[in-house]
Q: 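One structure coming up, written as structure tokens, with questions to follow.
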Amino acid sequence: MEHYVMNLTLKVWRQKNTNDKGRFETYHVKNISSEMSFLEMFDVLNEQLIQEGKDPIAFDHDCREGICGMCSMVINGRPHGPWHRNTTCQLHMRAFRDGDVIVVEPFRANAFPVIKDLVVDRSAFDRIIQAGGYISVNTGSAVDANAIPVEKDKADAAFAAAACIGCGACVAACKNSSAMLFVSAKVAHLGLLPQGQPERKTRVLNMVAQMDKEGFGACTNTGACEAVCPKGISIDYIARLNRDYMMAALSSPE
Amino acid sequence: MKWKDLFTSSVGKKWVMALTGVFLILFLIVHAGINACIWANDGGVMFNKVAHFMGSTIVIRILEVGLFLGFLIHIFQGLILEFQNRKKRKTGYAVKISIKESTWYSRSMGLLGTLILLFLILHWKHFWVPSRFTGIPYPEVILESGKKIHNLYALMQSTFSELWVVIVYVLGCISLFWHLLHGFQSAFRTLGVSHPGYLKIIQRIGFIYSFIICLAFAMMPVSMYLGWVK
């Protein structure tokens, strides 16, 4: 693909802290290379702001290679921007043309309060994991990796669910701000494997209870989450969670 | 967990929606089947007989209570969920989230449901209230056995002689079509069907079901207005 440079207008959400009302600020960036990543373009803008003596824009990022789940941003009405199965850090400027106006907002959900500018607090996801997204293992020497047989199709399905990086784009895209795709991926990932069986029922009950407590909405199977998921997690896992939840609820001892 | 937690959890609430939804889906088949008797073209004799059977049989009258409950639970739970879900994002987006992979009707179930509810109120006022409470303003039909039964057919003919009523009913059926198109397959997902093969079949059956049921219902006022049935 041919390399080109572009001048862009950015409308970025600025918010000092959680309690600040927040507003959009317009910025102009020049000579942006089509080979830059979206976050590198933000780095250029921030350099510019620092030189002008202004407060740089806060945004989340870590690995910048699409696997850590830190970057967020809603770009022109789509979490992680216009590319399919992609994170913001892996979005490249060749997705845009010279003169484009790009609107950048934080992920929006009551359960994800804005900390500053485009940075949102996604620790609700951590608390959902703490409620049951684990397996209990005895300490001591490591168990032989091949001691427990795992069927190939189960291993594949568990791996596909485990690909979830917990970025929260599913919540950002959902009209109900539901975290069901995230929770269902975690429940399926462990529930499909033999190691996940002992805590299978308490896991799903506790994780759904925590999800509700955090203030996420209920799922209406619109499929918006799957469409924006950088890892292509299927909403079929949500159906699996619904089944697991009901089995667990109906057979709960008290 | 306590048994009550099921009904207050987000997944449990969806289960209630799905179960009542499937119940109402089954009811629509019965309703459409009975109403299709108007096309016997016998001046409404068969239709009036079936309507009389439905209204006078004790088993069906008991089932009617269940039907009413099914409607009420589906409507109230649906409205509660819609309002609760909307409140989960107090600060909205400046640029509306646009995801073409997600269908507009799946994201508009609350709106479509409300339109159907408005239609339903009118529909109950037209037929259910007169036949149960206020009485039908047409002389009763006398059967060969000498038995007198309500002339619901005459009420249908007079109701559907007005163009605006026919238009409202057709619009109601269109709303119902979109609502069912998502609701049918979504209910099965909520009830836990996760096999992609079955989900594909369910989606196809859902489309055929929604299309046939809604077309049949829409054709009833249309064919009466245009005088296709006598």
Side-chain angles (χ1 to χ4, degrees), chain A residues 11 13 22 24 74-79 84 103 105-106 108-111 114 171-178 180 188 202 204-206 208-209 211-212 215-228 234-250 252 254, chain B residues 1-19 77-78 80-110 182-183 185-199 202:
Chain A
K11 290 185 174 170
W13 183 260
F24 279 100
V74 174
I75 302 156
N76 287 343
R78 199 171 163 114
H84 196 59
V103 182
E105 301 171 73
R108 296 285 192 198
N110 299 353
V114 172
V171 175
C174 177
K175 77 174 188 68
N176 308 324
S177 309
S178 173
M180 280 285 270
T202 47
V204 65
L205 294 177
N206 292 343
V208 168
M211 171 180 82
D212 291 347
F216 295 102
C219 171
T220 47
N221 297 318
T222 67
C225 51
E226 180 185 308
V228 300
S234 164
I235 61 164
D236 297 354
Y237 287 116
I238 295 178
R240 203 191 130 83
L241 179 144
N242 291 331
R243 189 172 71 239
D244 260 19
Y245 183 85
M246 198 45 67
M247 297 286 264
L250 294 180
S252 179
E254 56 162 8
Chain B
M1 73 177 265
K2 302 267 185 305
W3 70 270
K4 282 184 218 154
D5 294 349
L6 180 62
F7 298 98
T8 53
S9 78
S10 57
V11 178
K13 282 182 211 160
K14 296 299 302 178
W15 264 73
V16 171
M17 287 307 285
L19 287 173
Q77 184 78 288
I80 290 168
L81 271 168
E82 179 72 17
F83 286 118
Q84 283 179 340
N85 284 340
R86 279 179 186 222
K87 268 196 273 172
K88 305 292 182 191
R89 182 174 287 132
K90 279 185 189 129
T91 313
Y93 289 105
V95 179
K96 201 170 164 260
I97 293 278
S98 62
I99 294 153
K100 57 181 185 303
E101 295 93 325
S102 145
T103 56
W104 69 267
Y105 52 89
S106 73
R107 282 180 274 114
S108 316
M109 290 299 273
H182 177 68
Q185 53 105 16
S186 181
F188 286 93
R189 282 182 176 276
T190 303
L191 296 175
V193 181
S194 61
H195 190 296
Y198 289 131
L199 285 171
I202 286 166

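The shown structure was predicted, so the numbers you read here are calculated from the model rather than taken from an experiment. No hydrogens, no waters, no symmetry mates; every other heavy atom, side chains included, goes into these values. Reminder, nothing fancy here: chain letters follow the sequence lines and each chain counts from 1.
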Q: Under 4.5 Å, counting heavy-atom pairs only, tell me which of B:Glu82, B:Met17, B:Lys14 racks up the most with chain A.
A: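 Among the listed options, the one with the most contacts to chain A is B:Lys14.
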Q: Grab the two heavy atoms, one from A:Val171 and one from B:Arg89, that are nearest each other, plus how far apart they are.
A: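 Scanning both residues, the minimum pair turns out to be O-NH2, 2.8 Å.
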Q: Mind ranking A:Ala173, A:Cys225, A:Ala248 by heavy-atom pairs under 4.5 Å with chain B and telling me who comes out on top?
A: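 Most heavy-atom pairs within the cutoff with chain B belong to A:Ala173.
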Q: Mind ranking A:Ala111, A:Cys174, A:Ser234, A:Ser178 by heavy-atom pairs under 4.5 Å with chain B and telling me who comes out on top?
A: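 Option with the greatest count: A:Cys174.
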Q: Relative to chain A, which of B:Gln185, B:Lys96, B:His182 shows the most heavy atom pairs under 4.5 Å?
A: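 Top option by heavy-atom pairs under 4.5 Å: B:His182.
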Q: Side chain from CB out, backbone as N, CA, C, O: work out which of these in A:Ser252 comes under 4.5 Å of a heavy atom of chain B, or both, or neither.
A: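 Interface part for A:Ser252: side chain.
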Q: Quick check on the interface: out of A:Val74, A:Val208, A:Val103, who has the most heavy-atom pairs with chain B under 4.5 Å?
A: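 Among the listed options, the one with the most contacts to chain B is A:Val74.
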Q: In terms of heavy-atom pairs under 4.5 Å with chain A, which of B:Trp15, B:Tyr105, B:Tyr93 leads?
A: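 Of the candidates given, the most pairs with chain A belong to B:Tyr93.
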Q: What distance separates B:Leu19 CG from B:Leu191 CG, expressed to the nearest 0.5 Å?
A: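 Here the rounded value is 5.5 Å.
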Q: Which bit of A:Tyr237 comes within less than 4.5 Å of chain B, counting heavy atoms only: side chain, backbone, both or neither?
A: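 For A:Tyr237, there is no contact with chain B at all, as no heavy atom is under 4.5 Å.
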Q: Which atoms form the tightest heavy-atom contact between B:Ile97 and A:Ala172, and what is the distance?
A: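 Heavy atoms of B:Ile97 and A:Ala172 come nearest at CD1-O, 3.9 Å.
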Q: Examine whether an atom of A:Ile235 lies under 4.5 Å from a heavy atom of chain B, and if so say whether it belongs to the side chain, the backbone or both; otherwise answer neither.
A: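 A:Ile235 touches chain B through backbone and side-chain heavy atoms alike.
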Q: Which pair of non-hydrogen atoms, one from B:Gly12 and one from A:Tyr245, has the smallest distance, and what is that distance?
A: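 In this case the closest contact between B:Gly12 and A:Tyr245 is N-CE2, 4.3 Å.
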Q: Which one of A:Pro79, A:Ala227, A:Ser177, A:Ala109 has the most heavy-atom pairs closer than 4.5 Å to chain B?
A: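 Going by pairs under 4.5 Å, I would pick A:Ser177.
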Q: With rounding to the nearest 0.5 Å, note down the distance linking CZ in B:Phe83 to NZ in B:Lys88.
A: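 Between B:Phe83 CZ and B:Lys88 NZ, I get 14.0 Å after rounding to 0.5 Å.
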Q: CZ of A:Phe24: more than 12 outside heavy atoms within 6.0 angstrom?
A: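 Buried by this count: over 12 neighbours within 6.0 Å.
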Q: When only pairs under 4.5 Å are counted, which of A:Met211, A:Arg108, A:Arg78, A:Lys175 shares the most heavy-atom pairs with chain B?
A: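 Among A:Met211, A:Arg108, A:Arg78, A:Lys175, the one with the most close pairs to chain B is A:Arg108.
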Q: Does any heavy atom of chain A fall under 4.5 Å from the side chain of B:Arg86, the backbone, both, or neither of them?
A: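 Neither the backbone nor the side chain of B:Arg86 comes within 4.5 Å of chain A.
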Q: Could you pull out the closest heavy-atom pair between A:Asn110 and B:Lys90, with the gap in Å?
A: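 Smallest interatomic distance, heavy atoms only, reads OD1-N, 2.7 Å.
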Q: Between atom CD of B:Gln84 and atom NZ of B:Lys13, what is the distance when rounded to the nearest 0.5 Å?
A: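 That separation rounds to 3.5 Å.
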Q: Below 4.5 Å from any heavy atom of chain A, which atoms of B:Thr103 appear? Answer side chain, backbone, both or neither.
A: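 Backbone only.
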Q: Let me know if A:Val114 has heavy atoms under 4.5 Å from chain B in its side chain, its backbone, both or neither.
A: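 It is neither, since no heavy atom gets under 4.5 Å.
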Q: Which value, rounded to the nearest 0.5 Å, describes the distance between A:Met246 atom CE and A:Asn242 atom CG?
A: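 One gets 8.0 Å once the value is rounded to the nearest 0.5 Å.
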Q: Taking all heavy atoms of B:Phe188 and all of B:Ile202, pick out the closest pair and write down the distance.
A: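 Answer, listing the atom of B:Phe188 first, then B:Ile202: CD1-CG2, 3.6 Å.
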Q: Top residue by heavy-atom pair count (under 4.5 Å) with chain B, among A:Ala209, A:Cys219, A:Gly223?
A: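 Looking at each option in turn, the highest pair count goes to A:Cys219.
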Q: Which answer fits A:Asp212, side chain, backbone, both or neither, if we ask what part of it has an atom under 4.5 Å from a heavy atom of chain B?
A: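 The side chain, not the backbone.
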